[in-house]
Protein chains: 2
Amino acid sequence: MKNLNRVHLNGLRALEAAGRLGSLQRAADELGVSPGAVSQQIIKTERQLGTTVLERTPRGFEPTQSGRLLLARLFAGFRELDTAVEAAAGQTETTLTISVAPLFASKWLVPRLSRFRKLHPDIRVRLEATTELADPDRSDIDLALRIGTGNWPRVRVEFLLPQEVFPVCAPELAAQLSTPADLARLPIVRDTNSNLSWDQWLRPFGLSETMLAAGDTFTDAGLCLEAAIAGQGVMLAWQTLALDAIRSGLLVAPFRERIRSEFGYFLITSATRREAKKVSQFREWLKSEIAASEEGMETAIK
Amino acid sequence: MKNLNRVHLNGLRALEAAGRLGSLQRAADELGVSPGAVSQQIIKTERQLGTTVLERTPRGFEPTQSGRLLLARLFAGFRELDTAVEAAAGQTETTLTISVAPLFASKWLVPRLSRFRKLHPDIRVRLEATTELADPDRSDIDLALRIGTGNWPRVRVEFLLPQEVFPVCAPELAAQLSTPADLARLPIVRDTNSNLSWDQWLRPFGLSETMLAAGDTFTDAGLCLEAAIAGQGVMLAWQTLALDAIRSGLLVAPFRERIRSEFGYFLITSATRREAKKVSQFREWLKSEIAASEEGMETAIK
DNA sequence: TTCTTCATATAGTTTTTCTATATCGCGGGG
DNA sequence: CCCCGCGATATAGAAAAACTATATGAAGAA
């Protein structure tokens with residue numbers, strides 16, 4: 001791209017516009033400057049190129065023989081840039097990019113997204129499912145949905161709902177559970193990566209994790225959920241993970257009690273960027289969806 | 001092209017270079033500025049686009065998902081511009097554009113050009129054969145060769161050789177001519193557009209145009225020449241027009257006497273532009289060619 | 001730790017670009 | 001014929017942008 005160093009890009013654009021439109025005035029209108037500015041740019045650029053591109057006629061100018069080829073190429077190049085910018089800028093208006101943990105995406109967000117699409121058909125959602133928290137100031141994401149304590153620096157953090165944990169299991173196993181103490185008789189499926197502990201839930205009942213049986217362990221809560229559905233044991237789950245499985249009857253929550261973990265769900269947006277309309281629209285939808293979800297939770301657990 | 005108004009072209013270029021090269025330092029090298037300048041351009045452009053194109057990583061940055069498409073398009077666009085500039089600038093160095101009258105081109109210049117090509121194989125000659133004098137400051141021509149009095153404003157004018165007129169005719173007719181007075185017995189072919197007059201040539205012999213016979217007239221000296229070669233009459237010709245025909249025996253000049261017309265051959269170049277090497281090379285070749293031509297004239301006439 | 005390597009923030013300067021005028025050349029209309 | 005208007009260009013001053021040279025900060029390497 002070194003050849004572009006010998007000319008000024010704005011001069012090339014002035015040249016192209018003038019050559020295409022055939023008049024300084026029209027070129028100036030397109031570029032949003034005065035005709036004099038265009039004239040200066042053209043003269044300078046022709047000097048930089050070492051050739052005359054526009055032959056001056058009494059009533060204006062028209063391209064020289066050798067200039068035609070250059071102008072055609074300039075046109076092609078600038079058109080390419082123009083559509084690139086148009087697409088990029090258009091995308092920022094119509095595409096909502098959300099960073100979200102894969103499990104939350106698949107178990108809760110994605111099944112509900114079709115309703116958002118119906119509500120805002122002009123917004124295209126792009127999910128970026130990653131385990132690390134993306135910085136909305138330093139990436140192209142418009143917002144992130146994350147579980148955590150809410151202490152993230154340099155971003156705008158908005159609390160959505162607390163994470164509440166409770167045991168779930170397949171219906172067949174649930175029949176054997178009438179009190180929390182019965183949990184000791186059943187295998188437990190555990191997520192080794194989780195930082196939730198059974199103690200939190202058991203303590204109010206005067207129980208502790210040491211009384212629980214061993215069971216399969218997995219490195220991913222999603223796998224745990226599959227195992228629980230398959231009847232391999234009881235799992236300590238939380239709302240967004242288990243709700244849909246409970247509703248469809250694949251799982252049951254044998255006990256009403258839900259305990260708040262130290263974590264919560266948060267909506268993360270840029271602290272510096274002005275909030276786009278698409279973001280506030282999504283937030284609104286998200287909150288209503290969460291409310292509906294919580295309501296559904298109450299009735300699902302009975 | 002209106003979309004390009006919302007961003008700065010140089011910013012797009014900085015973005016493209018940084019995205020392609022993966023580092024501010026390398027981008028800065030390509031653009032010929034400091035890394036800080038590139039950083040500023042990128043930040044500003046991303047703000048203008050409303051999206052993050054380059055995701056900052058601990059060791060630099062790399063394109064975001066949505067940025068890749070933009071970068072690819074920017075690359076295509078700038079590459080187009082780059083090759084356009086390269087071709088245009090390269091052409092100015094290697095292509096010599098000459099404006100010349102069609103008749104002079106076909107009867108004198110073109111038959112000799114192959115020797116120039118042999119002498120300077122790297123220069124491509126482009127002849128623009130037009131009847132109007134092109135302005136070397138306002139068109140893409142590097143030089144013009146014109147017949148005239150030498151009074152052209154705002155250009156650099158260099159005298160090459162005087163136009164000298166003399167009668168020519170087919171060999172069969174020449175046999176009937178031993179003195180200028182014999183011309184009265186033969187038909188004369190005339191160019192109605194010419195401003196040369198037989199009187200100029202006849203006066204030294206005490207003769208005048210009134211004594212000449214009528215004959216065919218044409219609107220173009222080239223057609224006259226063809227008529228003379230075909231034996232339709234005697235023509236008042238000049239060196240560059242008739243030399244090659246005389247040498248090849250198609251025509252003869254029955255009299256040694258040549259009379260200078262009021263016109264001459266001139267080399268016209270820009271008065272303001274610095275002279276390119278290719279131009280001086282052409283001038284040098286042209287002068288040697290003219291000298292050889294004049295010498296050939298002497299021997300051809302005998 | 002400390003060093004190095006990046007990117008970014010900041011301040012001030014330099015350069016460019018722009019606007020607003022005046023000028024010039026040409027052609028059409030009175 | 002002269003004058004007017006149109007369109008391009010020159011010029012001067014003002015405005016804006018870009019650049020350099022720093023400092024800062026964050027993260028990996030020694």
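Naming: A, B, ... by sequence-line order, numbering from 1 per chain.
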*asked:* Between B:E80 and A:R79, does any NZ, NE, NH1 or NH2 come within less than 4.0 Å of an OD or OE carboxylate oxygen?
replied: no
*Given atom CZ of B:F61 and atom C1' of C:dT8, what is their separation to the nearest angstrom?*
12 Å
*Figure out the NZ/P separation between B:K44 and C:dT10, and round it to whole Å.*
15 Å
*Name the residue closer to the 5' end of DNA chain D, choosing between A:G36 and A:N10 according to the nucleotide with the nearest heavy atom.*
A:G36
*Which nucleotide in the set D:dA8, C:dC18, C:dT8 lies at the smallest distance from any side-chain heavy atom of A:S23?*
D:dA8
_B:F263 and B:W238 aromatic centres sub-6.0 Å_ = no
*Length of the CD-P vector between A:E55 and C:dC26, whole Å*: 14 Å
*asked:* Testing the 3.5 Å rule here: is there a donor-acceptor pair between the side chains of A:W108 and A:Y265?
replied: no
*Integer-rounded Å distance: C:dC18 C1' and A:D29 CG*: 15 Å
*Give a yes or no answer on whether the side chain of B:N3 reaches the backbone of A:V85 with a donor-acceptor pair at less than 3.5 Å.*
no
*Start at the 5' end of DNA chain D and walk down; is the nucleotide closest to A:Q25 or to B:S34 reached first?*
A:Q25
*Can you check the A:R56 CZ to D:dC6 C1' distance for me, whole Å?*
17 Å
*Grab the CZ-P distance between B:R47 and C:dA9 for me, whole Å please.*
8 Å
*Which one, C:dT16, D:dA18, D:dC19, comes nearest to the side chain of B:A37?*
D:dC19
*Using whole Å, report how far CD of B:Q41 lies from P of D:dA17.*
11 Å
*Check every strand shown and say whether A:Q40 touches a base, only sugar-phosphate, or nothing at a heavy-atom separation below 4.0 Å.*
base
*Are any of the side-chain nitrogens in A:E158 or A:K287 under 4.0 Å away from the carboxylate oxygens of its partner?*
yes
*Rounded interatomic separation in angstrom, taking CG from A:L24 and C1' from C:dC18*: 15 Å
*Looking only at side-chain N and O atoms, does A:H8 come under 4.0 Å of OP1 or OP2 in C:dT17?*
yes
